[in-house]
Amino acid sequence: MIDIHAHIYPPTIPADSINPLVQRAKAAGLTSILSVSENLVDARHILRLSIQYPNFLFPCAGLHPAQPLRDADGAVIGYRSVFESDLEGFFEFMEENISRLVGIGEIGLDFTIPVLTSPHNNHARPMTDEDVKTEQRKVFARQARFAIQNDLALNVHSRSAGHHAIKLLGELDAKKVVLHAFDGALKYVRQGLALGYYFSIPTSVVRTPQQQALVEEVPLELMLLESDTPCLGPERGVSNVPSNLHIAAQEIARIKNVDLETVINQTTENAYKLFPKIRPHRPALSDV
């Protein structure tokens with residue numbers, strides 16, 4: 001099994017909890033985890049951890065549309081929207097590490113009311129909701145163009161903005177896309193499927209009718225698994241871990257009326273197609 005979307009870095013995951021988390025994931029049958037960032041600090045942590053856990057923990061880098069606000073102890077106390085100024089240093093980092101990055105993410109749009117109306121959005125001037133949306137689109141588009149130019153897949157967040165994200169991706173002619181934990185209407189799911197986009201199913205599918213309907217709509221050939229660690233767990237309010245990934249696979253098997261092995265094999269192959277750098281190297285006969 002491959003977890004294509006998790007947040008594994010401090011302080012989101014306490015530093016002393018990362019190794020036990022990784023070992024539990026391996027014991028649960030995971031072969032790879034893609035760790036996605038919210039900002040440049042996270043991306044640097046992820047890159048270092050990918051060296052510590054080679055060929056298992058793979059780095060993605062991206063600027064999340066909803067930037068966390070933390071207290072002195074690192075606890076999240078709120079969110080603000082992303083701004084173009086947050087991209088300072090990001091493209092330089094990605095260019096320097098392009099050979100090691102397996103994807104660009106977590107990037108996208110977040111049009112939830114708390115993010116659009118955060119008082120921290122007025123950092124330079126008063127901003128309307130439409131101003132904030134425009135700023136998010138600019139940041140999303142710039143990162144998406146970078147991914148397209150470097151033939152890397154986009155790991156996309158689209159909370160309360162699903163059709164807006166799909167529309168922008170279509171305008172940019174993005175081909176390699178996974179829409180993570182998509183919460184949009186099925187008519188927009190169909191638009192994404194028509195463009196060949198993948199949809200990743202989180203472990204919260206067992207308690208979310210909307211995600212169950214998504215599983216019914218999306219063919220296995222365009223489906224991936226995710227934990228979104230430490231969020232979207234099978235139990236509301238309980239911190240999630242990648243070792244729960246089998247719960248999503250089992251629920252997909254139930255809904256699709258197929259065996260668990262079929263789900264695991266197909267989603268694994270899908271992950272290799274979208275993120276080819278994570279595919280295990282098989283030595284040629286000349287290498288043996």
Is there a side-chain contact between [X] and [Y] (heavy atoms, below 4.5 Å)?
{"X": "V263", "Y": "K256", "answer": "no"}
{"X": "Y79", "Y": "D110", "answer": "no"}
{"X": "R142", "Y": "L87", "answer": "yes"}
{"X": "K133", "Y": "Q136", "answer": "no"}
{"X": "L193", "Y": "V218", "answer": "yes"}
{"X": "V139", "Y": "P65", "answer": "no"}

Hydrophobic cluster membership, with links at side-chain heavy-atom distances under 4.5 Å among I/L/V/M/F/W/Y: are [X] and [Y] in one?
{"X": "V36", "Y": "L152", "result": "no"}
{"X": "F182", "Y": "L245", "result": "yes"}
{"X": "L186", "Y": "I252", "result": "yes"}

Ignoring hydrogens and angles, state whether a donor on the side chain of [X] or [Y] is under 3.5 Å from an acceptor on the partner side chain.
{"X": "N270", "Y": "Q266", "result": "yes"}
{"X": "T203", "Y": "N240", "result": "yes"}
{"X": "E38", "Y": "H7", "result": "no"}
{"X": "S227", "Y": "D3", "result": "yes"}

Check your understanding: Are F275 and F58 near enough that their ring centres are under 6.0 Å apart?
Key -> no

Practice item. Assess whether side-chain hydrogen bond (donor to acceptor under 3.5 Å, both in side chains) is satisfied between T268 and N265, documenting all intermediate values. Key: CA-CA 5 Å; T268 297; N265 290 344; 5.8 Å; no

Review point. Under the 3.5 angstrom rule, does the side chain of S118 hit a backbone N or O of P114 as a donor-acceptor pair?
Key: no

Check your understanding: Judged by atom type as modelled, is there a donor-acceptor pair below 3.5 Å linking the side chain of S37 to the main-chain atoms of D42?
Key -> no

Exercise for review: Please name the pair of heavy atoms, one in K277 and one in L101, separated by the smallest distance, quoted to 0.1 Å.
Suggested key: NZ-O, 2.7 Å

Check your understanding: Relative to each other, are the rings of H180 and H157 parallel, tilted or perpendicular (30° and 60° limits)?
Key -> tilted

Point to revise | E221, CD: over 12 other non-hydrogen atoms inside 6.0 angstrom | key: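 Counting other residues, nucleotides and ligands, CD of E221 exceeds 12 neighbours.
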
Let me have the donor-acceptor pairs involving side chains of residues 22-33, under 3.5 Å, with sequence neighbours excluded, atom names and distances please.
residue : atom : partner : partner atom : Å
Q23     : NE2  : N19     : OD1          : 3.2
T31     : OG1  : M1      : O            : 3.4

Check residues 160-168 and write down every donor-acceptor pair under 3.5 Å in which the side-chain atom is one partner and the other belongs to a residue at least two apart or another chain.
residue : atom : partner : partner atom : Å
H164    : ND1  : R137    : NH2          : 3.3
K167    : NZ   : E171    : OE2          : 2.6

Point to revise | Check ion pair D183-R159 (N to O, under 4.0 angstrom) | key: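 Result for this pair is no, no salt bridge flagged.
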
